[in-house]
Amino acid sequence: MNDRFIVVDVETTGHSVAKGDRIIQIGAVVIENGEIIERFASFVNPEVEIPPFIEELTGINQAMVEHAPTFKELAVELLPLFENVGFVAHNVPFDLSFLKNQFELIGEKFPKMKCYDTVELSRMLLPKEESYKLGHLAFSLGLSHDRPHQADSDAEVTAEIFLYLLNKLKGLPLLTLEQLIPIVRYFRSSLEPMISAFIQEKVMFGVNDAQEFDCYRQLALKKQPEHDNEPAPESFKGTFSEFRSELFSADKGLKEAFTKYETREGQVRMMDKVDHAFHHNEHVLIEAGTGTGKSLAYLLPAVLYAHETDQAVVISTQTIPLQDQLLMRDLPLLERLLPFPVDVALLKGRSHYLCLRKFEQSLRTISDDTYDVRLMKAQILVWLTETDYGDVEELNLSSGGRGFWFEVQSDAKSDLGKFSPWFSRCFYHRARRRAREAHLVITNHALLLTDLVHDQALLPSYSHAVIDEAHHLVEAASEHLGMKADYVTFSYLLQRIGLDHDHGIQPHLSRILEEYGISSKQLHDELIISLTAIKDEIDELFRMLNDYVTYKRKTGASDIGRISYRYRSFDESGSSWNAILECTMRVHMFAKDIRIRFDTLIKQFLDIKDQISYVDHGLVTDSERLVDALMEEEQYLYELLLEADPEFVYWIEIEPRGARNATFIYSKPIQVADRLADQFFAKKKSVVLTSATLSINGSFDYQLEQLGLEDFGAKVYTIESPFSYKDQARLLIPKDMPAIKEVGEKQFAMDAAIKVWRIAERKRGKMLVLFTSYEMLKMVYDYIKDLSEYEPMPLIGQGITSGSRAKLIKSFKQAEEAILFGTSSFWEGIDLPGDELTSLVIVRLPFSPPDQPLLQAQLERAKEAGKSPFMDVSLPQAIIRFKQGFGRLIRTKEDKGCVFVLDRRISTTRYGSQFIKSLPDVPVDEHKLEVLLDRYEDFL
């Protein structure tokens with residue numbers, strides 16, 4: 001094993017030596033016996049011009065390199081550093097290949113070395129990190145990284161990260177290290193000798209990992225605390241009302257739990273309303289303004305009610321960040337406040353949890369895996385030593401690894417139950433056990449609504465619930481009650497079942513039968529024929545659907561760049577549609593054929609089920625689950641194309657620049673009120689629905705109708721925000737913006753870009769710009785990029801800057817000044833207090849495009865019912881969205897800032913005033929932008 005390493009980072013003029021790109025700076029750090037012993041850093045004269053974008057990225061300009069040595073001059077000093085060392089870099093292929101090529105150019109041979117890539121190592125050893133970029137890792141590990149994209153600083157921080165990772169690798173349990181050996185053989189990093197040395201050391205010193213880890217069947221898991229079966233001593237048994245005085249006393253309760261607690265009248269009032277609703281079996285809607293502290297306002301009465309009645313209360317949220325907040329921030333508070341231990345369980349849908357049986361089995365097929373799958377297996381091995389929950393949300397999966405998760409996720413169809421040796425350690429069953437014993441069960445809207453579709457209840461029995469982020473419940477129900485089919489899912493399932501003799505799970509079944517002397521060749525061959533036939537038909541079907549939508553293309557691109565076409569099967573006509581229906585029928589017939597042949601194959605296992613190994617038994621159940629999943633997908637396809645329910649809307653989406661079979665078919669119920677009323681609210685004694693955005697101009701009528709609560713006598717309350725919007729915010733409407741209908745999209749985007757840039761120039765802080773369409777976002781982003789050429793400011797664009805929503809927000813938070821451009825999901829769920837956000841721009845009022853299939857159907861339904869499609873459907877939806885967007889700016893009592901609305905309809909139309917009336921009491925001003933910028937300088 002190497003004990004000497006050289007950590008290198010190079011800054012270059014581009015990505016290719018062959019195209020004339022050259023090194024402009026090199027940083028190197030030498031590590032020996034776990035310590036940094038030498039540093040080397042130098043600018044390099046590239047003898048070519050440095051492109052402007054490289055100068056902007058690195059801060060290295062022509063003047064800095066002009067008098068620096070050339071690479072040839074530095075080579076004499078550099079080469080000795082690379083003798084008898086391991087080469088370390090953050091993305092080895094780039095730095096190593098660039099150095100090799102530069103040495104070749106000057107006639108020098110670069111020595112061969114073992115390599116260690118800190119990107120690869122971080123992915124494996126830090127499976128929970130949000131990002132593996134150097135800056136993020138440095139920040140996460142608390143390392144100083146003051147000059148990112150400068151080679152000396154980057155090399156130094158890479159060296160510190162490498163040492164941290166080596167230490168973590170060495171500290172892994174013996175079983176984990178042994179399981180990693182066959183995987184890391186395929187990695188870029190030369191880890192096998194290093195891990196072998198660590199194993200040898202542990203064996204030599206007789207290290208016993210069983211004290212710290214749960215070592216079982218060659219896997220090491222994080223040890224779970226043993227349950228104390230002794231009954232808890234009798235503790236407080238009172239109600240919230242009885243505990244209330246202690247909670248708000250001068251020296252106890254909340255005052256003791258918070259260092260700076262101020263009584264919030266709204267929070268106290270909300271606690272009383274929740275407690276009253278639970279004890280009087282009422283359904284209640286509570287709109288709680290930003291800053292109310294609503295999570296604590298429902299958690300306290302909920303947990304006291306659960307403790308008093310010995311019945312679980314379910315808390316449902318739409319988003320994962322809110323669940324994390326409840327568990328990480330609010331639960332510790334509850335435990336400090338209450339005179340008894342609080343049992344809280346988080347329960348998600350089954351597919352969120354790892355199946356240990358399947359994962360153990362997957363470690364047998366490493367030689368057949370792709371690089372991404374091998375890396376993910378290594379990630380999971382490390383993660384198992386750290387995770388309490390086995391929840392996929394904790395993992396940072398690569399896009400290539402996501403398919404593998406489908407193979408190892410928990411599911412009911414392939415669950416061996418108590419026959420599985422992993423049953424007692426099963427993450428899903430453990431989560432359900434915790435939920436059965438808990439006072440509070442935290443879940444998401446999707447799982448809460450599963451009971452509307454499935455007979456078997458996944459949540460423990462409950463009669464009282466709190467639904468936070470309740471403005472999403474209708475949308476979540478619509479999603480849950482709808483259907484979807486796409487080519488990629490079919491293709492994946494067919495591939496996993498096995499389309500040839502060498503791959504997939506089905507050939508393994510034939511092998512097992514043959515080992516027990518049962519001939520299955522004919523059945524196997526017939527199955528392959530049927531699987532090949534259905535694959536060909538599905539290929540053809542999705543291509544025909546794509547061609548059909550392309551021909552019809554009555555609608556523009558959706559927010560994600562797809563083209564959508566709304567249809568009803570029996571209303572379509574023509575030879576192309578008939579061909580689609582005939583092809584769907586052929587798929588249906590082949591699916592029936594596969595089901596019959598597969599069931600015949602499975603029946604042959606009945607005679608040998610007591611003789612086959614546990615692993616083979618797992619293969620049989622996994623294959624049953626895959627075929628069931630294929631049949632379920634085919635059933636969706638059949639219903640989507642050959643049936644038409646008048647209560648549902650159906651549509652097809654295609655990727656205009658994607659593959660010809662990149663086609664997606666959807667259906668959703670036009671309204672969910674009746675289903676929610678009959679199958680949810682009628683079955684519960686008390687449901688509290690809360691959000692910051694439930695009312696429109698003071699009225700809850702729209703939400704009551706959408707949720708199906710009109711006949712339940714539901715109570716409604718508004719809890720005002722404790723913030724002083726009069727003092728903290730201004731709503732500003734630049735009257736020199738053109739009216740949307742007066743100019744084209746491009747002209748409007750250009751004007752919007754100029755206004756946004758002017759606000760940014762004056763403020764030089766952090767601004768969030770919200771859009772209703774991706775096309776408009778991209779146009780404005782591109783114009784601002786041009787405007788900012790001579791006065792750069794970081795621009796972070798959703799769908800333009802790479803990374804997930806969470807990564808974009810993290811980049812925005814870390815910047816000193818920046819503009820974040822977002823659409824759809826950026827209108828809510830973003831918490832940017834203080835200097836993290838000082839200006840908000842709403843480019844257009846958030847009306848959904850009327851050609852969206854579901855909205856289109858809702859508008860038609862409203863018209864049939866004698867209502868106004870615009871006033872009763874489009875406008876309420878837009879106002880709720882607008883309130884969500886507005887709520888991004890003021891997050892604390894200290895926040896101050898301006899909301900600019902560039903859509904003049906807010907002041908020039910009759911309905912525009914409803915947007916303003918639905919907001920808190922914020923001063924509004926309309927004038928030319930420059931006047932507004934001068935007038936509200938203090939707010940900027």
Side-chain angles (χ1 to χ4, degrees), residues 127 175-176 179-180 182-183 214-222 348-370 372-395 397-398 400-432 458 489 492-498 503-509 511-512 598 602 605 609 612-630 632:
L175 283 178
T176 305
Q179 292 284 12
L180 284 171
I183 301 176
D214 178 13
C215 297
Y216 182 69
R217 293 184 63 88
Q218 304 307 302
L219 289 180
L221 282 67
K222 183 178 178 183
K348 296 182 178 179
R350 189 163 190 160
S351 62
H352 279 80
Y353 300 97
L354 178 74
C355 171
L356 288 162
R357 175 187 70 77
K358 290 184 200 169
F359 178 66
E360 179 194 31
Q361 202 164 295
S362 79
L363 294 172
R364 297 164 180 263
T365 58
I366 289 156
S367 59
D368 299 333
D369 293 334
T370 63
D372 277 346
V373 170
R374 287 176 189 136
L375 187 54
M376 188 173 163
K377 286 181 180 179
Q379 257 189 328
I380 291 175
L381 282 167
V382 175
W383 177 58
L384 284 174
T385 67
E386 303 172 356
T387 182
D388 290 307
Y389 303 108
D391 177 359
V392 68
E393 297 293 348
E394 297 173 4
L395 279 173
L397 302 186
S398 66
R402 289 184 190 282
F404 175 66
W405 182 261
F406 179 82
E407 294 178 36
V408 293
Q409 70 190 25
S410 179
D411 71 279
K413 287 179 177 136
S414 63
D415 187 353
L416 298 181
K418 292 184 180 173
F419 294 104
S420 168
W422 289 103
F423 181 73
S424 64
R425 291 167 173 83
C426 169
F427 289 116
Y428 172 70
H429 287 297
R430 193 189 286 166
R432 287 198 72 184
L458 298 175
T489 305
Y492 176 77
L493 287 169
L494 289 166
Q495 185 187 352
R496 287 292 303 127
I497 292 167
H503 297 97
I505 209 164
Q506 196 263 126
H508 287 295
L509 302 183
R511 172 189 56 76
I512 297 165
F598 184 77
I602 290 299
F605 282 92
K609 70 175 182 179
I612 63 173
S613 70
Y614 146 74
V615 171
D616 288 344
H617 190 51
L619 279 168
V620 174
T621 57
D622 288 346
S623 65
E624 289 180 285
R625 167 221 178 199
L626 284 164
V627 172
D628 284 348
L630 178 67
E632 190 174 32

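The shown structure was predicted, so the numbers you read here are calculated from the model rather than taken from an experiment. All residue numbers in this chain count up from 1 along the given sequence.
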Quiz item: Which pair of non-hydrogen atoms, one from Lys358 and one from Gln409, has the smallest distance, and what is that distance?
Solution: NZ-O, 2.8 Å
Quiz item: Phe406 ring centre to Arg625 NZ or CZ under 6.0 Å, with the angle to the axis within 45°?
Solution: yes
Quiz item: Under 4.5 Å between any side-chain heavy atoms of Cys215 and Leu175, yes or no?
Solution: yes
Practice problem: Under the salt bridge (charged side-chain N to carboxylate O under 4.0 Å, His left out) rule, what do Asp368 and Arg374 come out as? Steps first, then yes or no, please. | Solution: CA-CA 9 Å; Asp368 299 333; Arg374 287 176 189 136; over 6 Å; no
Quiz prompt | From CZ (Phe427) to CG (Leu356), nearest 0.5 Å | solution = 5.0 Å
Quiz item: What is the ring orientation for Trp422 with Tyr216, classed by angle as parallel under 30°, tilted 30 to 60°, or perpendicular over 60°?
Solution: perpendicular
Self-check item: Closest approach of Leu509 to Phe605 (non-hydrogen atoms, all atoms of both residues)
Solution: O-CZ, 3.6 Å
Quiz item: Which distance, rounded to the nearest 0.5 Å, do you find between the CG of Leu363 and the CG of Leu180?
Solution: 9.5 Å
Quiz item: How many angstroms lie between CZ in Phe404 and OG in Ser362, if you round to the nearest 0.5 Å?
Solution: 3.5 Å
Quiz item: When rounded to the nearest 0.5 angstrom, what is the spacing between CG in Asp391 and NZ in Lys348?
Solution: 3.5 Å
Practice problem: Please confirm whether the backbone N or O of Ser351 pairs with a side-chain atom of Trp405, one donor and one acceptor, at under 3.5 Å? | Solution: yes
Exercise. Quickly, which of Arg430, Arg217, Arg357 forms a side chain to side chain contact (heavy atoms under 4.5 Å, CB included) with Arg425? Name it, please.
Key: Arg430
Quiz item: Hey, are the side chains of Thr176 and Leu384 touching, using non-hydrogen atoms and a 4.5 Å cut-off?
Solution: no
Exercise. For residues Glu407 and Tyr492, report the shortest heavy-atom separation together with the two atoms involved.
Key: CG-OH, 3.0 Å
Quiz item: Between atom OG1 of Thr370 and atom CE of Met376, what is the distance when rounded to the nearest 0.5 Å?
Solution: 10.5 Å
Self-check item: Ile512 side chain reached by His617 side chain, heavy atoms, under 4.5 Å
Solution: no
Quiz item: If you take all heavy atoms of Ile183 and Leu381, which pair is closest and at what distance?
Solution: CD1-CD1, 3.7 Å
Quiz item: Do you know the tightest heavy-atom contact between Asp214 and Lys222?
Solution: CB-O, 4.3 Å
Quiz item: Nearest heavy-atom pair of Leu219 and Gln179: which atoms, and what distance?
Solution: CD2-NE2, 4.2 Å
Quiz item: Quick one: are Ser623 and His508 in side-chain contact, heavy atoms under 4.5 Å?
Solution: no
Exercise. May I ask you to check whether Ser414 and Asp411 show a side-chain donor-acceptor distance below 3.5 Å?
Key: yes
Quiz item: From Leu493 CG over to Asp628 CG, what is the distance, rounded to the nearest 0.5 angstrom?
Solution: 11.0 Å
Practice problem: Scan side-chain atoms only and decide if His429 and Asp415 contain a donor-acceptor pair under the 3.5 Å cut-off. | Solution: yes
Quiz item: Does any donor atom in the side chain of Glu394 or Thr387 lie under 3.5 Å from an acceptor atom in the other side chain?
Solution: yes
Quiz item: Does the side chain of Trp383 come within less than 4.5 Å of Val392's, by heavy atoms?
Solution: no
Quiz item: So, Ser410 versus Arg350: side-chain donor-acceptor pair below 3.5 Å or not?
Solution: yes
Quiz item: Are any of the side-chain heavy atoms of Val615 and Arg364 separated by less than 4.5 Å?
Solution: yes
Quiz item: Stepwise, does the side chain to side chain contact (heavy atoms under 4.5 Å, CB included) test hold for Val627 with Gln506?
Solution: CA-CA 10 Å; Val627 172; Gln506 196 263 126; over 6 Å; no
Practice problem: Using a 4.5 Å cut-off on heavy atoms from C-beta on, say whether the side chain of Leu630 contacts that of Ile497. | Solution: yes
Self-check item: Derivation of the side chain to side chain contact (heavy atoms under 4.5 Å, CB included) call for Phe598 and Glu624
Solution: CA-CA 9 Å; Phe598 184 77; Glu624 289 180 285; 4.1 Å; yes
